[in-house]
Trainee: 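Pasting a structure below so you can have a look.
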Amino acid sequence: MKNVFLLLIAFISLSFFNSCRDDGDWENGNNTGQFGFTIERDNNFIERGIGETNNLKFNIVPNYNFNSLTTSFKFTTNLNGVLKLNGQVLTANQEYNFTSKENNFEYIGNVAGTHNLEISVKNSKGSSTTEKFELKYSVSEFTHTFTGGQADIYQGDETLYLMKIVPSAGQPKTGYEIKFNSYNGTIKLNGVTAQTGQFYPLPNIDSFTTTLSTNQVGQVALDYTIKNSTVQSNYNIQQTVIARKIVIESMNINATNVIPNSQMSLIGIIKKTPVTTNTSIKYKTWISASSNNNTNGIQNTNNVYTPFALGANGTFSINFNAIEVGTYTYNIQFEDEYGNQSDVKTFNISGEREVQFIGG
């Protein structure tokens with residue numbers, strides 16, 4: 001009987017242990033369970049000069065609602081450096097709470113060498129992980145700065161950046177070159193169009209300019225390299241490009257009840273924003289519905305864009321003909337030089353038979 005009792009106790013204990021283990025696995029720091037999480041992060045980092053910043057993407061991907069648990073972190077580093085989050089300078093081995101699951105740390109190395117940065121994360125259910133970063137810093141023979149790009153940047157805008165290179169004490173001021181590695185747009189160096197993938201000499205490192213323009217909307221980056229005879233460093237410029245707009249400010253048709261073979265006209269005002277001196281646009285017209293199933297009952301461009309130059313103050317005017325009796329839904333739309341489209345303006349037009357008088 002005693003043996004049976006001991007076996008029963010052992011069975012109950014094992015069942016309780018397995019139940020706890022299956023409940024999220026959080027007590028052992030297992031990140032595959034109900035309260036587990038993983039870290040989405042950067043892995044590849046270029047060597048930087050002392051005092052330069054490494055940006056570290058550090059996004060938390062939880063198996064649960066992130067806001068339902070407290071998630072904290074602390075860090076250590078083997079060399080002298082500064083770690084920031086949201087502009088706040090952090091202290092090593094001190095615990096901080098994450099306020100967002102999407103994060104971007106900034107690390108600045110103050111001495112040469114490989115900085116071994118470790119960021120340990122845990123949540124209030126006990127799930128935890130440690131991410132390790134190897135960030136290489138070297139003594140740079142020069143520093144590079146630029147100014148510009150502070151105002152809003154729209155598609156097609158030329159944005160000028162004033163650049164400068166300052167050699168370290170005792171280093172030469174000649175022999176510097178720049179190479180533009182990638183950019184989705186046009187690059188100019190000192191006002192002259194430059195190509196990616198080739199080095200250009202910099203005869204005046206105290207002041208030179210790079211001008212950027214792009215039709216792409218959203219986040220755009222220029223990656224470039226500066227070197228001298230002994231040192232090469234990589235840099236980038238981040239841009240946020242805003243889409244331009246084309247707007248039908250007004251649009252009127254001269255008649256909505258017409259007879260076949262009569263001429264019609266559309267007159268209106270088309271505005272580009274922000275204001276630009278480029279008056280080139282495209283327009284298209286089409287019939288989306290008709291009582292006689294004839295999409296050519298009124299003359300139109302069959303939904304194909306046609307070039308047009310706006311008049312003074314954005315005036316627009318076209319003539320077209322009514323062809324066949326019927327009721328039509330007639331549409332017009334505009335597009336700017338960057339592919340941005342206006343809203344559609346719609347008119348209901350009736351093509352009526354010509355009244356004939358029959359004499360007695």
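The figures that follow rest on heavy atoms only: side chains count, while hydrogens, waters and symmetry mates do not.
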Trainee: If you count every heavy atom of other residues, nucleotides or ligands that lies below 6.0 Å from N97 atom CG, does the total exceed 12?
Mentor: yes

Trainee: When rounded to the nearest 0.5 angstrom, what is the spacing between CD in Q333 and CD1 in I248?
Mentor: 7.5 Å

Trainee: Tell me, yes or no, whether the heavy-atom count around K271 atom NZ, taken from other residues, nucleotides or ligands under 6.0 Å, exceeds 12.
Mentor: yes

Trainee: Applying a strict under-4.5 Å side-chain criterion to I, L, V, M, F, W and Y, I'd like to know whether F133 and I108 cluster together.
Mentor: no

Trainee: Is a salt bridge present between K245 and D343, judged by a nitrogen-to-oxygen distance below 4.0 Å?
Mentor: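 No, no charged N to carboxylate O under 4.0 Å.
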
Trainee: Answer yes or no: does atom NZ of K57 have more than 12 heavy-atom neighbours from other residues, nucleotides or ligands under 6.0 Å?
Mentor: yes

Trainee: Among side-chain atoms of H144 and Y224, is any donor-acceptor pair under 3.5 angstrom?
Mentor: yes

Trainee: Looking only at heavy atoms, which two atoms of F45 and E134 are closest? And how far apart?
Mentor: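 Scanning both residues completely, I find the closest heavy atoms to be CD1-O, 4.4 Å.
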
Trainee: Would you name the heavy atoms of N215 and Q155 that are closest together and state the gap between them?
Mentor: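 Heavy atoms only, the tightest pair is O-NE2, 2.9 Å.
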
Trainee: Mind checking whether V247 and S342 have side chains closer than 4.5 Å, heavy atoms only?
Mentor: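 Side-chain contact under 4.5 Å: no.
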
Trainee: Using side-chain heavy atoms (C-beta onward) and a distance below 4.5 Å, is I60 in contact with I39?
Mentor: yes

Trainee: Quiz question: by atom type and distance under 3.5 Å, do the side chains of T214 and N184 form a donor-acceptor pair?
Mentor: no

Trainee: Quick one: closest heavy-atom pair of T285 and I318, and the distance?
Mentor: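 Taking every non-hydrogen atom into account, CG2-CD1, 4.5 Å.
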
Trainee: Might you work through the side chain to side chain contact (heavy atoms under 4.5 Å, CB included) test for N116 and T114, ending with a clear yes or no?
Mentor: CA-CA 6 Å; N116 295 312; T114 299; 3.8 Å; yes

Trainee: For a side chain to side chain contact (heavy atoms under 4.5 Å, CB included) check, start with the C-alpha distance between Q88 and Y96, then their side-chain angles and the critical distance, and finish with the verdict.
Mentor: CA-CA 11 Å; Q88 178 187 359; Y96 298 90; 3.7 Å; yes

Trainee: Going by side chain to side chain contact (heavy atoms under 4.5 Å, CB included), Y107 matches just one of I119, T77, N55, T53. Which one?
Mentor: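 Passing option: T77.
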
Trainee: Considering only heavy atoms from C-beta outward, does the side chain of I270 approach that of M251 to under 4.5 Å?
Mentor: yes

Trainee: Whether the N123 and T71 side chains hold a donor-acceptor pair (N or O, under 3.5 Å, no angle test) is what I'd like checked.
Mentor: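 Side-chain D/A pair, N123 to T71: absent.
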
Trainee: Spell out, as yes or no, whether a donor-acceptor pair under 3.5 Å connects the side chain of N321 to the backbone of I323.
Mentor: no

Trainee: Could you tell me whether Q238 atom CD has more than 12 heavy atoms of other residues or ligands within 6.0 Å of it?
Mentor: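 Yes, enclosed.
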
Trainee: Answer yes if the ring centres of F75 and F105 are under 6.0 angstrom apart, and no otherwise.
Mentor: no

Trainee: Hey, does F98 have a side-chain heavy atom less than 4.5 Å from the side chain of F66?
Mentor: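 Yes. Closest side-chain heavy atoms under 4.5 Å.
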
Trainee: Taking all non-hydrogen atoms of both residues, which atom of K272 and which atom of N278 are closest, and how far apart?
Mentor: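 Minimum heavy-atom separation between K272 and N278: NZ-O, 2.8 Å.
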
Trainee: When you measure from the side chain of S127 to the backbone N and O of F35, does any donor-acceptor pair fall under 3.5 Å?
Mentor: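 Side chain of S127 to backbone of F35, a donor-acceptor pair under 3.5 Å: yes, one is there.
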
Trainee: Would one find more than 12 heavy atoms of other residues, nucleotides or ligands at under 6.0 Å from atom NZ of K74?
Mentor: no

Trainee: Given side chains that start at C-beta, do those of N54 and D42 come closer than 4.5 Å, heavy atoms only?
Mentor: no

Trainee: Can you give me the closest heavy-atom contact between I246 and Q341, atom names plus distance?
Mentor: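 For I246 and Q341, the tightest heavy-atom pair comes out as CG2-C, 3.7 Å.
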
Trainee: Report yes or no: do N181 and T225 form a side-chain donor-acceptor pair below 3.5 Å?
Mentor: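 A pair is found: one side chain offers a donor N or O, the other an acceptor, under 3.5 Å apart.
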
Trainee: Taking all atoms of both residues into account, what is the closest heavy-atom pair of E40 and V61, and its distance?
Mentor: CB-CG2, 4.1 Å

Trainee: So that I know where these two stand, are Y330 and F320 an aromatic pair - ring centroids less than 6.0 Å apart?
Mentor: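 Yes, ring centres under 6.0 Å apart.
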
Trainee: In terms of ring plane angle, is the pair Y283 and F308 parallel, tilted or perpendicular, where the classes change at 30° and 60°?
Mentor: perpendicular

